[in-house]
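To start, the structure under review is shown below, and the notes come after it.
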Amino acid sequence: MQTLARSSSTRQRAIAVDVALAVAIGLVAALAKRYLDFSLGIPGHAGVGWIAVLVSGRLLNGRIGMATISGFVMGAWAIPVGLGHSLGYNLLLYGMAGALLDSGVLLRLPLNRAWGAALAGMIVHLAKYGFIFANAWVSDILRRVEIFGFLGALINHLVFGAAGGLMGWAIWRGGRRLWAQLQQRLSA
């Protein structure tokens with residue numbers, strides 16, 4: 001059963017249009033990560049914005065592989081936008097997040113339902129948290145630093161991931177309603 005609603009217009013769109021859309025989604029996700037990080041000192045809070053963009057982008061652009069492109073583009077834009085870390089680190093981190101949204105496991109989730117989008121956001125943010133934790137664990141420099149608040153940060157990532165997924169679903173759903181109203185007014 002295909003859980004992502006794919007309209008006939010999505011199937012008829014040229015792949016170049018979908019790739020361009022995926023690139024734009026990746027840029028917006030990088031900007032969301034940069035400018036929706038309010039430096040609150042709460043681990044994971046900035047995930048709400050970029051996860052919302054990637055989830056709504058996945059719902060908007062249903063072609064397989066486009067969320068992966070968006071994630072890699074987000075990682076590529078991380079340096080010019082000012083997210084920190086190296087290019088390789090960002091490409092792996094955000095490319096993995098996009099690839100998860102394209103993966104078979106998450107394709108079985110109904111992203112077009114609030115609970116499915118929330119669960120997808122949690123999984124993506126948990127994978128990001130695992131990536132960062134594994135990087136800190138194997139790093140010779142960070143190995144000497146006590147990892148404080150592991151469980152609290154984990155819970156924050158789950159909560160903020162779910163919030164990001166829900167926000168992405170709400171953006172997609174609201175956009176669909178606006179598009180339907182616009183089409184109705186234009187045809188009247």
Side-chain angles (χ1 to χ4, degrees), residues 15-103 106 111 117 120-150 153-154 156-165 167-168 171-172 175:
I15 189 144
V17 173
D18 282 343
V19 169
L21 184 57
V23 168
I25 290 166
L27 173 59
V28 172
L31 293 170
K33 168 72 173 149
R34 171 71 168 99
Y35 294 107
L36 295 179
D37 181 356
F38 302 111
S39 299
L40 299 174
I42 303 170
H45 78 279
V48 174
W50 68 266
I51 290 171
V53 172
L54 287 183
V55 168
S56 62
R58 178 69 180 105
L59 284 162
L60 176 65
N61 194 355
R63 191 182 299 260
I64 301 298
M66 296 303 111
T68 303
I69 291 172
S70 294
F72 279 118
V73 168
M74 181 183 176
W77 274 104
I79 301 285
V81 168
L83 298 183
H85 303 295
S86 69
L87 178 63
Y89 181 92
N90 288 325
L91 287 173
L92 283 172
L93 181 64
Y94 299 113
M96 174 199 60
L100 270 173
L101 286 172
D102 275 335
S103 73
L106 291 188
L111 293 181
M122 288 172 66
I123 291 169
V124 166
H125 213 204
L126 185 60
K128 176 195 174 273
Y129 178 74
F131 179 88
I132 292 170
F133 183 75
N135 190 24
W137 189 265
V138 300
S139 171
D140 188 40
I141 297 167
L142 294 176
R143 199 177 300 181
R144 297 184 187 120
V145 177
E146 180 181 353
I147 297 176
F148 182 73
F150 171 75
L154 176 65
N156 285 345
H157 277 75
L158 291 172
V159 169
F160 289 124
M167 185 181 288
I171 290 167
W172 170 76

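No experiment lies behind these values; they were computed from the predicted model shown.
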Can you give each donor-acceptor pair under 3.5 Å made by side-chain atoms of residues 157-165, sequence neighbours left out, with the distance rounded to 0.1 Å?
residue : atom : partner : partner atom : Å
H157    : ND1  : A153    : O            : 2.8

**OP:** Any chance you could measure L60, atom CG, to L21, atom CG, to the nearest 0.5 Å?
**Re:** 5.0 Å
Using a 3.5 Å cut-off and no angle test, enumerate the donor-acceptor pairs between side-chain atoms of residues 64-93 and protein atoms at least two apart in sequence or in another chain.
residue : atom : partner : partner atom : Å
T68     : OG1  : D102    : OD2          : 2.7
S70     : OG   : A22     : O            : 2.9
S70     : OG   : M66     : O            : 3.1
S86     : OG   : Y89     : N            : 3.2
N90     : ND2  : G84     : O            : 2.9
N90     : ND2  : S86     : O            : 3.2

Pairs under 3.5 angstrom only: tabulate donor-acceptor contacts from the side chains of residues 42-57 to other protein residues two or more places apart or in another chain.
residue : atom : partner : partner atom : Å
H45     : ND1  : I42     : O            : 2.8
H45     : NE2  : D37     : OD1          : 3.1
H45     : NE2  : F38     : N            : 3.2
S56     : OG   : A52     : O            : 2.9
S56     : OG   : V53     : O            : 3.2

Subject >> CG-CD1 distance between L101 and I123, expressed to the nearest 0.5 angstrom >> reply: 9.5 Å
**OP:** Assess whether atom CE of M167 is packed by more than 12 heavy atoms of other residues, nucleotides or ligands within 6.0 Å.
**Re:** no
